[in-house]
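These figures come from a predicted structure and were not determined experimentally. Labels below follow one simple rule: chain letters A, B, ... track the order of the sequence lines, proteins then strands, and each chain is numbered from 1.
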Amino acid sequence: MVTIRLHNSKTRKKEDFAPIDPENVRMYVCGPTVYDRAHLGNARPVVVFDVLFRLLRHVYGADHVTYVRNFTDVDDKINARAREMQAAGDARDLNTIIRALTDETIDWFHQDMDALGAARPTREPRATEYIGQMIAMIGTLIDRGCAYVEQGHVLFDVHSYREYGALSGRSLEDMIAGARVETAPYKRDPMDFVLWKPSSGDEPGWPSPWGRGRPGWHIECSAMADELLGAEFDIHGGGLDLQFPHHENEIAQSCCAHPDAGFARYWMHNEMVQVEGKKMSKSLGNFFTVRDLLEQGWPGEVIRFVMLSTHYRKPMDWTEEKAKQAEIILRKWFDHLKNSHLDLSVDSLTRYTMEPCVVPDQMIIRALADDLNTAAAISRLHELAKRNDYESINAFLGSMVLLGLIGPKTEIDLLSLSGVGWLGTYDPQLEKKVVRLLFDRQDARKRKDFSRADEIRDALLSAGIVIEDRPDGPEWHVGPNFDPAKLEGLE
RNA sequence: GGCGGGUUGGCGGAGAGGUUACGCAGCGGAUUGCAAAUCCGUGUAGACCGGUUCGAUUCCGGUACCCGCCUCCA
């Protein structure tokens with residue numbers, strides 16, 4: 001069995017990964033707060049940990065990995081967004097709006113992440129379904145003297161956990177020196193954080209021993225991880241920006257609630273996303289969602305490829321140039337598969353994804369096992385794609401499937417017919433027209449009427465259709481500048 | 001102020017103490033009616049200054065610059 005090595009944020013070292021129970025490898029990844037479309041930054045951990053999920057399934061068996069990614073559907077940002085909607089004329093009560101808003105956002109999230117080829121986690125718990133577990137854990141923390149009640153709030157006492165700050169490598173003194181901490185009157189120490197807070201009448205709230213209220217931000221992950229994965233599990237992941245305070249606080253809560261367990265053994269953090277070399281932010285105007293990119297015409301596979309071409313622990317810069325390059329490479333690779341006469345039907349791709357019936361390349365497995373070196377894996381894909389023997393082609397397909405660069409959502413079955421599937425605009429009439437024009441061109445070439453032949457070729461080219469004259473006749477596919485309108489007047 | 005990360009050839013981007021990363025672009029060639037596509041060949045880069053070493057882009061120290069977190073954030 002391959003030994004997976006992972007960079008553990010907790011120790012700041014690359015370590016051999018040994019699961020607690022190889023029969024059930026357990027991973028928790030922090031999911032989105034659901035009040036808006038997922039932006040590119042939300043997508044990175046989804047893709048990164050999807051690759052890890054796939055690798056773990058490959059190594060330990062598809063039925064021996066439990067991957068939990070939560071939806072945070074109770075949060076002040078959600079409340080704020082719902083109030084905005086009310087202010088804009090939405091007559092429904094706040095809780096109804098919130099339910100509709102979070103439901104819709106979860107639906108969007110699924111659509112967008114599906115487009116990126118991310119497999120659904122084993123479990124996707126919503127925070128609001130685990131309020132009982134949160135209240136129980138908060139109660140335990142109070143009983144153990146790690147939390148206190150003050151003015152309707154329950155706060156975690158950071159001084160009760162000796163290791164506080166270990167994950168992010170900072171001491172309480174350092175943090176206070178930063179002096180940008182909110183000092184609420186109900187806090188004993190500025191670094192203490194909220195476990196439970198009171199809700200006003202119209203806000204979402206649940207009855208608790210401390211009055212009607214709602215959970216603080218961090219307790220949900222501790223409670224859900226505990227409920228679904230146990231007090232101690234293998235991997236906990238998320239964006240680097242969550243390392244402090246979110247993950248630090250999760251550790252404090254979970255370890256104080258279960259002093260005999262160690263919570264997550266391996267902590268993994270992906271670096272942030274940048275856009276054209278700059279931090280993605282609303283104020284810089286370079287903030288965009290996955291949906292924006294999809295609507296601009298970038299296939300999900302292209303976005304995923306760009307993500308995978310940078311190692312997850314380095315900042316990933318999204319640039320137009322990279323996306324273009326990724327598209328060129330993927331087109332080439334899909335063309336290679338298309339010409340390989342493998343079964344690429346949706347049914348088969350579904351099967352390849354669910355069962356290991358196409359075997360990925362060993363060097364790619366080794367690259368991924370080395371702390372998810374996706375860039376090295378891509379480099380190997382280039383090598384495999386150059387070869388035309390049966391073994392290489394199968395290893396190539398198996399690796400593409402493993403990396404999620406091809407799957408049931410990829411419209412390669414259409415691609416294999418005509419090439420139009422890439423843009424999701426498959427049109428039988430168009431295909432007939434192109435085939436007819438190609439036939440005319442062949443005819444003209446036979447008659448050595450090259451001006452007519454070139455005229456047809458140039459016309460097709462200007463419509464974004466690329467012709468390839470192969471020894472066994474012309475092939476065609478849709479290029480990046482496809483514009484079916486330009487074929488209109490052509491006969 | 002505290003903590004952390006980065007700096008590789010025209011561009012993107014890895015690994016490894018000493019042997020070609022890889023891709024894109026470029027250049028040369030094959031092929032082609034001309035192209036496209038494809039194939040073959042081609043690039044000795046590692047911010048700066050020291051140190052360790054037979055040998056460092058790879059290890060150690062320093063300098064410069066860039067970036068992130070410390071506040072909601074993936």
key: Within the 6.0 Å centroid threshold, strictly below: H7(A) and Y312(A)   =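 Here the rings of Y312(A) and H7(A) have centres that are no less than 6.0 Å from each other.
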
request  = Please check if the distance between the ring centroids of W333(A) and F396(A) is under 6.0 Å.
outcome  =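 Yes, they do, as the ring centres are separated by less than 6.0 Å.
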
query = Does CD belonging to E391(A) count more than 12 external heavy atoms closer than 6.0 Å?
reply = no

Using atom [atom1] in both nucleotides, what's the gap between [N] and [M] to the nearest angstrom?
{"N": "U20(B)", "M": "U57(B)", "atom1": "C1'", "value": "16 Å"}
{"N": "C70(B)", "M": "C39(B)", "atom1": "P", "value": "47 Å"}
{"N": "G23(B)", "M": "G13(B)", "atom1": "C1'", "value": "8 Å"}
{"N": "U7(B)", "M": "G46(B)", "atom1": "P", "value": "14 Å"}
{"N": "G9(B)", "M": "G41(B)", "atom1": "P", "value": "25 Å"}
{"N": "A47(B)", "M": "U19(B)", "atom1": "C1'", "value": "26 Å"}
{"N": "C34(B)", "M": "A30(B)", "atom1": "P", "value": "12 Å"}
{"N": "G33(B)", "M": "U44(B)", "atom1": "P", "value": "36 Å"}

What is the distance, to the nearest angstrom, from the [atom1] atom on [X] to the [atom2] atom on [N]?
{"X": "L330(A)", "N": "G12(B)", "atom1": "CG", "atom2": "C1'", "answer": "15 Å"}
{"X": "L40(A)", "N": "C73(B)", "atom1": "CG", "atom2": "C1'", "answer": "14 Å"}
{"X": "F71(A)", "N": "A74(B)", "atom1": "CZ", "atom2": "P", "answer": "12 Å"}
{"X": "E248(A)", "N": "U71(B)", "atom1": "CD", "atom2": "C1'", "answer": "16 Å"}
{"X": "R5(A)", "N": "G15(B)", "atom1": "CZ", "atom2": "P", "answer": "13 Å"}
{"X": "F305(A)", "N": "A14(B)", "atom1": "CZ", "atom2": "C1'", "answer": "13 Å"}
{"X": "N388(A)", "N": "C40(B)", "atom1": "CG", "atom2": "P", "answer": "11 Å"}
{"X": "F244(A)", "N": "G5(B)", "atom1": "CZ", "atom2": "C1'", "answer": "18 Å"}

task = Kindly state each residue pair satisfying ring-ring contact (aromatic ring centres under 6.0 Å, His included) with at least one member in residues 437-466 of chain A, sequence neighbours excluded.
result = none

Between [X] and [Y], is there a side-chain N and carboxylate O pair less than 4.0 Å apart?
{"X": "R436(A)", "Y": "D440(A)", "result": "no"}
{"X": "D469(A)", "Y": "R441(A)", "result": "yes"}
{"X": "D103(A)", "Y": "R126(A)", "result": "yes"}

key: First encountered from the 5' end of RNA chain B, between L242(A) and R12(A)   = R12(A)

remark   = Contacts of A385(A) and Q274(A) projected onto RNA chain B by closest heavy atom; the upstream (5') one is A385(A)

Kindly write out the residues that satisfy salt bridge (Lys or Arg N to Asp or Glu O under 4.0 Å) with [X], not counting sequence neighbours, or none if the list is empty.
{"X": "R313(A)", "value": "D371(A)"}
{"X": "E84(A)", "value": "R81(A)"}
{"X": "K14(A)", "value": "D370(A)"}
{"X": "R37(A)", "value": "D112(A)"}

query = For F233(A), does its backbone N or O pair with a side-chain atom of R265(A) as donor and acceptor, under 3.5 Å?
reply = no

task = Would you confirm whether N8(A), through its side chain, and W267(A), through its main-chain N or O, come within 3.5 Å as a donor-acceptor pair?
result = yes

Pick base, sugar-phosphate or nothing for [X], based on heavy-atom distances below 4.0 Å to the nucleic acid.
{"X": "G41(A)", "result": "base"}
{"X": "H269(A)", "result": "nothing"}
{"X": "V273(A)", "result": "base"}

note = What one should report as the nearest heavy-atom pair of D361(A) and L384(A) is CB-CD1, 3.7 Å

query = What residues form a side-chain hydrogen bond (donor to acceptor under 3.5 Å, both in side chains) with T72(A), not counting sequence neighbours?
reply =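 Expected list: N70(A), E220(A).
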
request  = Using side-chain hydrogen bond (donor to acceptor under 3.5 Å, both in side chains) as the criterion, list what pairs up with S392(A), not counting sequence neighbours.
outcome  = D389(A)

remark   = Partner of D73(A) under side-chain hydrogen bond (donor to acceptor under 3.5 Å, both in side chains), picked from T105(A), T128(A), T102(A), T33(A), is T128(A)

note = Residues in residues 113-128 of chain A with a heavy atom under 4.0 Å of RNA chain B, by number, are none

ask   = Near RNA chain B, under 4.0 Å by heavy atom, which residues of residues 365-374 of chain A?
value =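 The answer is N373(A).
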
message = So, OP1 or OP2 of G13(B): does either fall under 4.0 Å of a side-chain N or O from K322(A)?
response = yes

message = Any side-chain N or O of K314(A) below 4.0 angstrom from OP1/OP2 of U7(B)?
response = yes

Under 3.5 Å between N/O atoms: give me all the protein pairs with nucleotides 30-33 of chain B, atom names plus distance.
unit_1, atom_1, unit_2, atom_2, d
G33(B), O6, R445(A), NE, 3.4
G33(B), N1, D454(A), OD1, 2.9
G33(B), N2, D454(A), OD2, 2.7

With the criterion being N/O to N/O and under 3.5 Å, what pairs connect the protein with nucleotides 19-23 of chain B, and how long is each?
unit_1, atom_1, unit_2, atom_2, d
G23(B), OP1, K386(A), NZ, 3.0

Parallel, tilted or perpendicular, as decided by the 30° and 60° cut-offs, for the rings of H218(A) and H246(A) = tilted

task = Map every base of RNA chain B to its dot-bracket character, where paired means a Watson-Crick or G-U wobble contact with both distances under 3.5 Å and | marks a partner outside the strand.
result = (((((((..(((.....[...))).(((((.......)))))....(((((..]....))))))))))))....

query = Which of these nucleotides, A74(B), G12(B), C72(B), is closest to any side-chain atom of K77(A)?
reply =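 That would be C72(B).
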
